Amino acid sequence: MVDQILESLSKFLPETTLVVAFCLALIADLVFRKNRGIVTALSLLGVVVSLLFAFQQAGMSLSVFSGMMAVDPFSVFFKIVIGVSAVFIILFSLYSHDVQTTERRKGEYFSLLLALTLGMYLMAGAANLLMMVLALELTSLTSYILAGYTKEAGDSSEASLKYIIYGALSSGLMLYGISIIYGLTGATNIYGINEALSTGEVNEITLLIASVLIIAGFGYKISAVPFHFWTPDVYEGAPVTITAFLSVASKAAGFAMMIRFFKVSFLDSNVVDLPSGMWSSLQGFEWNSILAVLSVLTMTLGNLVAVWQNNLKRLLAYSSIAHAGYMLMGVVVLSDKGLAAVLIYFVVYLFMNLGAFYIVMLVANKTGSEDIDSYKGLGYRSPLLGVAMVIFFISLTGLPPTAGFIGKLYLFVALLDAKWIWLAVVGALNSVISLYYYVRVLRNMFLRDPEKDSGSIRFSVPQVAILLLLLVPTLLFGLYFAPIVDWANASVIMFGVR
Amino acid sequence: MTQDTILLLAVVVLLLPLLSFTLLIFFSKRIPRQGDWLATSILFVTLFLSIAILWGKLLAYHSDVLQTTFTWVDFGHVPGIGPLKLDLGIMVDNLAAVMLVAVAIVSALVHLFSIGYMRGDVRYGRYFAYLGIFSFSMLGIVLTNNFWLMYVFWELVGLSSYLLIGHWFEKKSASDAAKKAFIVNRIGDIGMFTGIMILFATFQTFSFDAIFGAIQGGTLPMGSETWLTTAGILIFCGAIGKSAQFPLHVWLPDAMEGPTPVSALIHAATMVAAGVYLIARTFAMMTAEALMVITYVGAITAFISATIAIAQNDIKKVLAYSTVSQLGYMVMGLGVGAFTAGFFHLTTHAMFKAGLFLGSGSVIHAMHHALERHGDHHTDPQDIRNMGGLRKKMPVTFWTFLMYTLAISGIPLTSGFLSKDEILAGSLAFHELTGHSLIPIIGFFVAGLTAFYMFRLVILVFLGDHKESSRSESIHESPATMTIPLVLFAILSFFAFFSPNPFGAADGWFFEAIQRPVSVVPAGVAAAGAEMFEEALHHSHTTAMILSLTMAGIGILLAFATYYWKKINADAIAGNVKPLHTFLVNKWYFDELYDVTAVKGTLVVTKVFRWFDNTIIDGLVNGAASWTRAITLGTRKNWEEGNLSAVFYMGVAGVVSSYVAWLTGSSLWSAETGVLQGAWYVVVGLGMGGLTFFLFYAGVGGFDNRIVDGVVNLVAYLAGFFGLLTRRIQTGKVQTYIAFVLLGVMIFFLWFQ
Amino acid sequence: MLDFIQWLQNPGLGHFLLISAVLFSFGIFAIVTRRNAIMVLMGVELILNAANINFIAFSRYSSGSFDGQVIAIFVIILAAAEAAIALAIVLNIYQNFNTVNVDEFNQLRD
Amino acid sequence: MEFLGIGVLTWITFVPIIGMAAVLMVPKGNDAAIKWIPAVATFLQLVLAAMIYLNFNKGMTGINSLEGMQFVEKARWIDVEGVSWFGRIQIEYFMGVDGLSVTMVLLTALISFIAVFASWNIDKALKGYMAMLLLLDTGMMGVFVALDFFLFYVFWEVMLLPMYFLIGIWGGPRREYAAIKFFLYTLLGSVLILLAMIALYFSVTIPDAVTGERIHTFNMLAMMDPANYEPGSLLAGVGTYWRYLAYIALFIGFAIKVPIFPFHTWLPDAHVEAPTAISVILAGVLLKMGTYGLLRVSYPMFPEIAQAYAVPLAVVAFINIVYGALCAMAQQDFKKLIAYSSISHMGVVLLGMSAMNSQGMVGAVFQMFNHGTITAMLFLIVGVIYDRSHTRDLDAFGGLAVTMPKYTGVMTVAFFAALGLPGLSGFISEAFSFLGAFQTHRYITIASTLGIVLTAAYMLWTLQRVFLGSPNEKWAGLPDINGRELFTLVPLAVIVLVLGVYPSLAIDLMTASLNNLVDIVAGGSALAMAP
């Protein structure tokens, strides 16, 4: 038992690092009251080290802590995505007005950020319902706090309150669903659940109810319609850095957990076609058709409503809802191609979405406004920012030669391969709609003249460097994407499946 | 001269006027006298070369057809056909050689005449350039050996005509007329083009020889005789346009807006004759039915325009309608089978009609100057009612004019007599062969009408006294550059140039050179053969001569009686048959008819389409933004006022939670929970109803008001609406969100149950 | 009626599940209808506890393993943590707005 | 042909990008450099195009045979050594020209060069303008030389954004509306193309040169060979439901670009609002991409369906011709009139394409080229007058022939070329299109000839309204066309004239390829006929 735990711990280094970093950050916050930069450095170091450990885990495929967690390429992939976005968020925070003006609580901020990252890491690897609930809650609880980080601001605290009420209900629903699943299968481990379900002696309706309730929980995390309501409000109210982190990492973690849960629990191991990468869910319960509906609703609503937004953060919130819809399409098709497409999409999404939020943050720092109208003539006031925004938005729309196109391309590839043509068409039409609101922003930036007394906006070298760190991959992966595809292809492997 | 020399000369002849055009259009400002001498001399060279070609052709290669071709477009190895090349080229046969000379003569003399007539014009150099390109295109029509180049030059002729009619484009009427000429011609050209398409579709070539050869070999266009006839008639459509045949004759009288020498060159002698030339070129492939159509079109044209000519007072309009009428004659002549006669009339008519126009030009020129000297800007220098007595003032003009008039009226010793007589004889023969008696009746009647209105013109313009005696002092004979062409044309209107026998054209070189081509169409649909026709012609020759002379005589006598001796009061007669007179003065109301139907009709259609395009097509996709903005205001209000009460939330919550519980219970352990089922059903039903109402209230209320207007923009509207509806759900109240989440969960249950 | 009484007299899995379902419903009811934030949070607790009842009941009646009971303990801890954070947030809200009425927080909206 | 070890097609495609980089590096305010760098870049492009023209082998068939392609450049671009279930993904940097594309390459180079000079008067954010223009140039050129579908699509989409900004920033009063409309419409079309492209990708495999393993490919040539379709894949077989669906998706995608009724409404707006040079590019090159796409992609890859839809296509062509002409006639705005005339003229291209025979195809492709030059002239002409008078109302002018004789001279050439006057290039292509189409669709073609009259009518009417009549006092002082404007117009006029007389200069380039294309379409439909 102890051996096993020790053995497991050695496979748990990324998470452990974060835990250690979290504790050190708390202590450092108390010790170095004069210089809180140390906390920042510490947390950055922690995340980077955890990333290194995560890289080290490449190629492993095993289960740790008695099947509580899986360490496999799939989880490693998501850990890396989450970790990289955490790095970016910490970098963003260096220049975030919201964070830098609350000197006293900075330690809190960074340590909570580490905790949040830890929760997401756990979500990526959780293979047991209990672990899933715990990881989800860890993530949620820290994000409730972080969403209300600028607690003096009304918006922020309102967001936080809504978030917690909404989140608590969702996890309640999920928990209730999990309890029913437990009742049906007698197992909490997803492999056990799969085994039990494979016997076929399960009441389908009950299973449906449980699944829908669980989907409600996942749907909340990935902001799928109709579980998305919190997203725009919280995104708008929370500090930009947190919004950006939620929009990428939290979504990634949610997807990781959802995919693992559904794929492993409902996999019909008799109908796995290895050469084509197609698999099938257990007879009698087509959870993927629920997800298909969810996906259509999510992207359509996200896009249609985004058209009406005037606050850029809110617009990006709806845009992120729409993107969740796109990614759900990849899950729907029940094939490794689809999963690989989702993974590719996440890599791409990481850069483009963080890039967009970063610019929102920089602009808000200067103009104090996130309103689309405040972007008038921005392209002339700061050409670099303007061009970068164009590239991020074009990428979000999914136009070549940007990485966003590659993400969409692979999603459609997976869909058409599995003959989900109608869904592909809906997805494609949706990306046309999305163009409309992205371009609205670009229009304000370039087609409208700046306000009279506004001069040009300049940024420091590190700020530009961070921007380039996001911008270059967005373009580069659009033109040369073999590495991410290779990586994603190698990362769809989950422990216990094949 | 060898064949090659002749062909080389032909190419030179073709290209010389183009050279003239190119030089003048670019450099006329830099050449002394704007290059009029250059253009004129080039055209005279052309004339001499043309005569040389005719000479060489008739003497050395009397019955040969000289051709040269080159590959213009090579389609390579075309699937289904094999190698396909489009060869274009020129050909010189007797028909072309004669036509070449006719065109060159008129063109050269018109150039000469224009030097005097156009002196001082604002775009003097440009004018000569246009004459150049016209000559080029016209010679192209004459020399081509294929339909493609025929069509090409055909359209180029249209272009030059457009440019020349619109030469004084500052006048709205001139630009209108130019436009009208081009468009009306285009309508005819479409027919011609369609005809060419029919031929090309089958034969994959444009060459006359190849096509005729294939037809003779039994290959019919698209496999049927009907299509052969159709092709013939469609090609004739080109002639209808260009030769101003009914029903497309309306452009020619308007074309008189151009300078008078242009009228002489284009709208009397050459361009309008192109149609006749086209029929002659394609005569071999015309079926009997096609020829019948041609005949009747020609006859109707001749009749209609002759009647109109009687009632016109503008000297050029009279001549214009006379031209249309004579063209009808020619077409009719070709149609009845009098091939040589029709073409002969073309040649002779070219000379005297060009002369008539130049003569009228001379008169107008003189009148214009006289009026200008008197400072009179109101009197129309072209109205024959303002003229009279010009005989003494302008003797050369008068005598030459008289000569042309005699020729057109068909008085013996003139060329016109020879050709007209042959056509009339042909129409009689036609009657004999086919029994269509209307054709000769129209023919002779029109002959009388022609004599009448032409002498009316002569009398009113030249005889008697001038209307304003004061003005007559200032009228002078035109300069030599203008009178020399008049004299030359008058000389060319004598019979001697065409036949030694003043009463028999058939004895001359012309009839020997121009023979009716052998028909290539299948025997069953061919018109009567040349021998049969000759036979019938022989019988009717004398009759025709007597009849035509009688008719002409009557016409002349009537004209003198009415306008010279005033025995008959023209006005009184006009008054007696007022409707008829008005009808004729207004040219049978053709213009009005076309204006109402074609022009106005098209414009209405275009307006409708524009509206359709802007409103319907665009509206379908468009307007989403404005529309949905409008709705926003409506629904937002609804939503805010309908601040949902706690009671309502209770309903929702109750329904959802109980439903979830019920589903859980009933499906897992239905027997045990059966007791509660009934009550829960009721609650569920109420809840669902409430939620529906709730949704409706949220967004649909606004929708309803607008749906009346929204049909057009429905698609965009719906997209906007759903966006809006879902947006309305985002109330900012977390409990509402939760209600919707639960609703969503419930719907998923129901959906996938 | 007799059936019902009989059913009541023999407690089994169904009874626990029914109670849990009712509790769940009450929880949702509270969340959706209460205007006071604290009451709303109480509703959340109800839902969590409904799930707990399920876990324990299933653990006892069907699977025979202790997993369910272990989860229940974790969930209780979880609920506590959540309550702590929620109360902190509500406190903050109260400081900012002087009210804890969730209805009144609708500044963030479309 | 290579320069510095890089193929000529790469050079011709990316020279503008180099120019763009150079433009961006020029310090602000140095307007002369910002103008001359694009001029040099596009001139180099033009020189390269001329070299391609001179070295082009007219006998090579192209379309579906690699051997028949010229100046081929083929390199591995993206090669994912996939896992078993994903197969190998290979995207190639594959360029080449054949008879179908070479004329378009020439046209693009020419129009881009002229567009730079037509942009001389731009004063707002000149640098950005030129950069966008050059980017657009690369996109256009790339579409015409790409033989890998993926590459094709990338270039196809690359054009959108510069176009959006070019219309949106430097356009007329309603520029924002026009720009977004253009963007949305085109994107709508291209996502459909994307889906069809992916479906094709999944259905086609070719053996790897080294290992012999069958790999999926975006190679367009491979997609044209029925033997490469994996049995049982989505688009395998002949005339199946899915193939029809894919064809329709592609068709709508390309139809929006052409534009085909009823997808055309973006065009009048975009043309009217765009600055002169952009209108020139829009009409001169962009519209051709739709028909080019149909010929390059839809026809050879779905021959049996192309054949089955020949009649509907002809009907659509007829509608385009007549509807466009009628709408043009009703316009008050000079530019809008030209825009609608483009719709009408592109109808002729479609008609020629629907013929499914060599004459029609040659007519269609030649018409694409000619419409490019002629409409470019027309838009330049409108630009000239708009620059001077700041109005485009047709009734506001009159008598310009007196005030601006040189201008009128050039304009006359353009107008008559547009109305299909023989001796000018437009006529030949129109005539061939009609001649070809007539053999396939008798009555539709005859009906379409109505367009010939209508075109003449509205063109001459416009000419009369603007140029003829007595000079309008208001415009008495308008200066005649200047040297720069003449420089943009005269080359086009010369081309229009020369090709009008001796079209073989262009037609010889394309016949071999188009004959092959016709063969492919016929072969494909023969397959469909077979039991």
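Numbers restart at 1 for each chain; the letters A, B, ... are given by sequence-line order, proteins then strands. Since we're looking at a predicted model, the values are computed, not measured.
Residue I406(A) touches chain D through its side chain alone, counting heavy-atom pairs closer than 4.5 Å. Proximity to chain A (any heavy atom under 4.5 Å) is restricted, for L161(D), to the side chain, taken from C-beta onward. With a 4.5 angstrom heavy-atom cutoff, F405(A) touches chain D only via side-chain atoms. For chain A, the nearby part of A125(D) is the side chain; its heavy atoms alone come within less than 4.5 Å. With a 4.5 Å cut-off on non-hydrogen atoms, T397(A) touches chain D through its side chain but not through its backbone. Heavy atoms of W242(D) lying under 4.5 Å from chain A belong exclusively to its side chain. Proximity to chain A involves both the backbone and the side chain of L234(D), based on heavy atoms less than 4.5 angstrom apart.
Distance check: D336(A) CG to I493(A) CD1 gives 8.5 Å after rounding to the nearest 0.5 Å. Expressed to the nearest 0.5 Å, how far OG1 of T13(D) lies from CE of M140(D) amounts to 11.5 Å.
Heavy-atom pairs under 4.5 Å with chain D peak, among L409(A), L429(A), V425(A), I433(A), at L409(A). Interface remark: of the candidates Y164(D), F155(D), W156(D), Y164(D) forms the most heavy-atom pairs closer than 4.5 Å to chain A. Contact tally against chain D (heavy-atom pairs below 4.5 Å) for L416(A), I394(A), L479(A), L447(A): the top residue is L447(A). Most heavy-atom pairs under 4.5 Å with chain D, from the set G398(A), A428(A), P383(A): that is A428(A). If you tally non-hydrogen atom pairs under 4.5 Å between each of L160(D), V158(D), I180(D), L184(D) and chain A, the highest count goes to L184(D).
Residues S431(A) and Y326(A) bring no donor and acceptor atom of their side chains to less than 3.5 Å of each other.
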Checklist line | ring-ring contact (aromatic ring centres under 6.0 Å, His included) between F152(D) and F149(D), intermediate numbers included | finding: CA-CA 5 Å; F152(D) 175 91; F149(D) 210 148; 5.7 Å; yes
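In this structure F412(A) satisfies the ring pair (Phe, Tyr, Trp, His ring centres under 6.0 Å) test with no other residue, sequence neighbours excluded. Looking at residues two or more places apart in sequence or on another chain, you find no ring pair (Phe, Tyr, Trp, His ring centres under 6.0 Å) involving Y380(A).
For the pairing with Y201(D), the ring pair (Phe, Tyr, Trp, His ring centres under 6.0 Å) check across Y153(D), F218(D), F150(D) returns one residue only, F218(D).
What you find for A388(A) and L471(A) is that their closest heavy atoms are CA-CD1, 3.9 Å.
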